[in-house]
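Scroll down for the structure; my scribbles are underneath it.
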Amino acid sequence: HSMRTRGKDGFRQPVDRLNLHTTVAATSPVPSSVRTALSDPAWRLAMQAEFDALQSNDTWTLVPRPPGVNLVTGKWVFRHKFKSDGSLDRYKARWVLRGFTQRPGIDYDETFSPVVKPATIRVVLTLALSRSWPIHQLDVKNAFLHGTLRETVYCIQPTGFVDSSKPNHVCRLNKSLYGLKQAPRAWHSRFASHITSLGFVEAKPDTSLFIYCRGADMAFLILYVDDIVLTASSPSFLHRIIAALRREFSMTDMGPLHHFLGVSVQRQGDSLFLSQQQYMLDILERAGMSNCKPSSTPVDTHSKLPADGASVPDPSQYRSLAGALQYLTFTRPDIAYAVQQVCLYMHDPREPHLSALKRILRYLQGTLDLGLHLHRTSPADLTVYTDADWAGCPDTRKSTSGYAVFLGDNLISWSSKRQPTVSRSSAEAEYRAVANGVAEACWLRQLLTELRCPLRRATVVYCDNVSAVYLSTNPVQHQRTKHIE
């Protein structure tokens with residue numbers, strides 16, 4: 001068979017001769033896809049490495065199947081791991097449980113697990129640059145296998161690795177496995193409890209950020225599932241932290257930050273350049289537009305997208321590309337408004353919306369070398385720019401507000417979002433945009449305070465509407481303004 005699976009950057013990569021979605025019951029024979037993998041030396045080695053990691057981690061205990069228990073099934077998932085330049089890194093085989101066979105309230109309870117906010121990453125990188133701190137990235141091997149389960153869960157033995165002396169036994173899980181609904185939460189709880197035992201404190205504005213500050217030693221740790229960015233006040237202190245983490249978890253020090261969450265990070269003197277060029281090339285290839293003609297702008301500013309038109313032939317392709325473009329705004333604020341506009345119609349995309357999406361792709365074709373620059377700057381000032389278009393949506397008459405927040409000279413946060421209610425004047429639309437920008441500024445000020453970099457001066461918020469400025473200065477409540485008090 002020829003299937004496709006997701007690579008490190010989130011996009012699908014070809015995996016030949018492997019059927020990735022074969023259902024395997026506890027007593028079923030080994031499927032042809034797994035037999036093919038077992039006969040291939042590279043895949044066999046990857047499967048054996050995964051099974052050995054599960055055994056060494058004491059992930060389960062083989063027991064006779066208790067009567068009446070729910071047995072969670074599983075499957076082997078095969079992936080090609082790629083480097084930042086798109087070249088093949090290694091083969092990866094993973095034993096994954098089918099979470100949909102779990103019973104709520106019995107096999108799992110809470111499943112939520114936090115992930116770090118993009119603005120937090122940019123703030124931490126800006127502070128590290130301003131202080132000339134080393135920035136390293138770490139990768140936890142088999143991260144979800146470290147989580148401790150609170151519930152009793154039984155699953156089948158891995159296909160192709162059934163114990164010949166106990167073929168009818170089942171696995172009672174001691175640790176979490178990939179595919180379990182509570183696996184992300186269990187891993188995050190385990191890591192957070194250990195990192196706090198080392199002296200780190202969980203930041204209140206972002207619970208995926210951990211801060212260490214004792215005397216002259218200071219460190220910031222960002223956690224995104226199994227990817228970690230660590231920066232410290234000195235190289236020796238940074239390596240002491242890495243050594244302490246290695247004593248508890250199996251992890252790899254990837255060296256200075258260079259590729260994180262599909263984002264390429266290049267050091268250019270005293271600055272960092274964040275780029276998703278390979279990600280953009282993958283999007284264009286998926287859309288079949290690798291050789292398209294570039295566009296000079298991402299959106300037509302003279303007209304708004306209508307809600308009518310002929311339906312697109314493949315709505316799932318539209319939604320897939322629109323979702324991919326959303327993640328691209330991590331380093332491309334210039335397409336934030338255009339992507340927000342096409343995402344408004346993901347439930348029922350029409351031909352004008354598809355044309356707007358293709359225009360964004362043609363704009364990316366001509367701007368593949370663009371990205372986000374983070375300079376070494378003084379993080380003493382926080383500045384917010386806000387704007388809004390009044391009744392910009394031709395169907396709902398709702399306005400779109402946006403803001404851009406700068407810490408020193410670095411752009412660290414931005415947004416383009418349709419307002420939830422209809423504004424009855426341009427002043428009201430602008431006033432709501434200012435309120436959104438102020439809310440983001442308040443959160444960032446709190447974050448900077450916890451990062452031991454409190455702002456000494458007030459945050460300036462710029463708005464190009466005189467009425468909104470007067471309204472914020474003189475809150476006179478009368479008939480025209482009391483509804484936005």
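All heavy atoms count here, side chains included; hydrogens, waters and symmetry mates do not.
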Parallel, tilted or perpendicular, as decided by the 30° and 60° cut-offs, for the rings of F237 and Y212: tilted
Any side-chain donor near an acceptor of the partner, Q419 and S423, under 3.5 Å: yes
Neighbour count above 12 (heavy atom, 6.0 Å) for N291 CG: no
Side-chain H-bond candidate by donor/acceptor type, Q340 with Q326, under 3.5 Å: no
Enclosure of K358 NZ (heavy-atom neighbours >12, cutoff 6.0 Å): no
Carboxylate-amine/guanidinium proximity below 4.0 Å for D253 and R246: no
Side chains of T126 and R376, donor plus acceptor under 3.5 Å: no
Residues which pass side chain to side chain donor-acceptor pair (under 3.5 Å) with R457, listed by chain and number, not counting sequence neighbours: D381
Partners passing side chain to side chain donor-acceptor pair (under 3.5 Å) against R418 (at least two apart in sequence or in another chain): none
Y178 and F144 aromatic ring geometry - parallel, tilted or perpendicular at 30°/60° bounds: parallel
Geometric class of the F210/H188 ring pair [parallel <30°, tilted 30-60°, perpendicular >60°]: tilted
Cationic tip of R190 above W187 ring, under 6.0 Å, 45° of axis: no
Test log, rule side-chain hydrogen bond (donor to acceptor under 3.5 Å, both in side chains), inputs E202 and T207: CA-CA 6 Å; E202 197 175 73; T207 53; 5.2 Å; no
Contact check, side chains of F260 and L274, non-hydrogen atoms, under 4.5 Å: no
Modelled atom types, side-chain donor and acceptor of D139 and T252, under 3.5 Å: no
Close side-chain approach of T400 to S416, heavy-atom, < 4.5 Å: yes
R452 and M218: CA distance, side-chain angles, deciding distance, side-chain contact (heavy atoms from CB on, under 4.5 Å) verdict: CA-CA 9 Å; R452 307 302 191 273; M218 187 178 295; 3.8 Å; yes
Stacked cation flag R122 on F330, 6.0 angstrom / 45 deg: yes
Atom CZ of R150: over 12 foreign heavy atoms under 6.0 Å: no
Residue pair V460, V384: steps toward the side-chain contact (heavy atoms from CB on, under 4.5 Å) verdict: CA-CA 6 Å; V460 180; V384 185; over 6 Å; no
Donor-acceptor pair between T377 and N410 side chains, under 3.5 angstrom: no
Check: L284 and L368 side chains under 4.5 Å, non-hydrogen atoms: yes
S290 and E285 side chains, donor-acceptor separation under 3.5 Å: no
Mutual orientation of the aromatic rings belonging to H353 and Y345 [parallel < 30°, tilted 30-60°, perpendicular > 60°]: parallel
Contact list for residues 323-347, test salt bridge (Lys or Arg N to Asp or Glu O under 4.0 Å), sequence neighbours left out: R332-D334
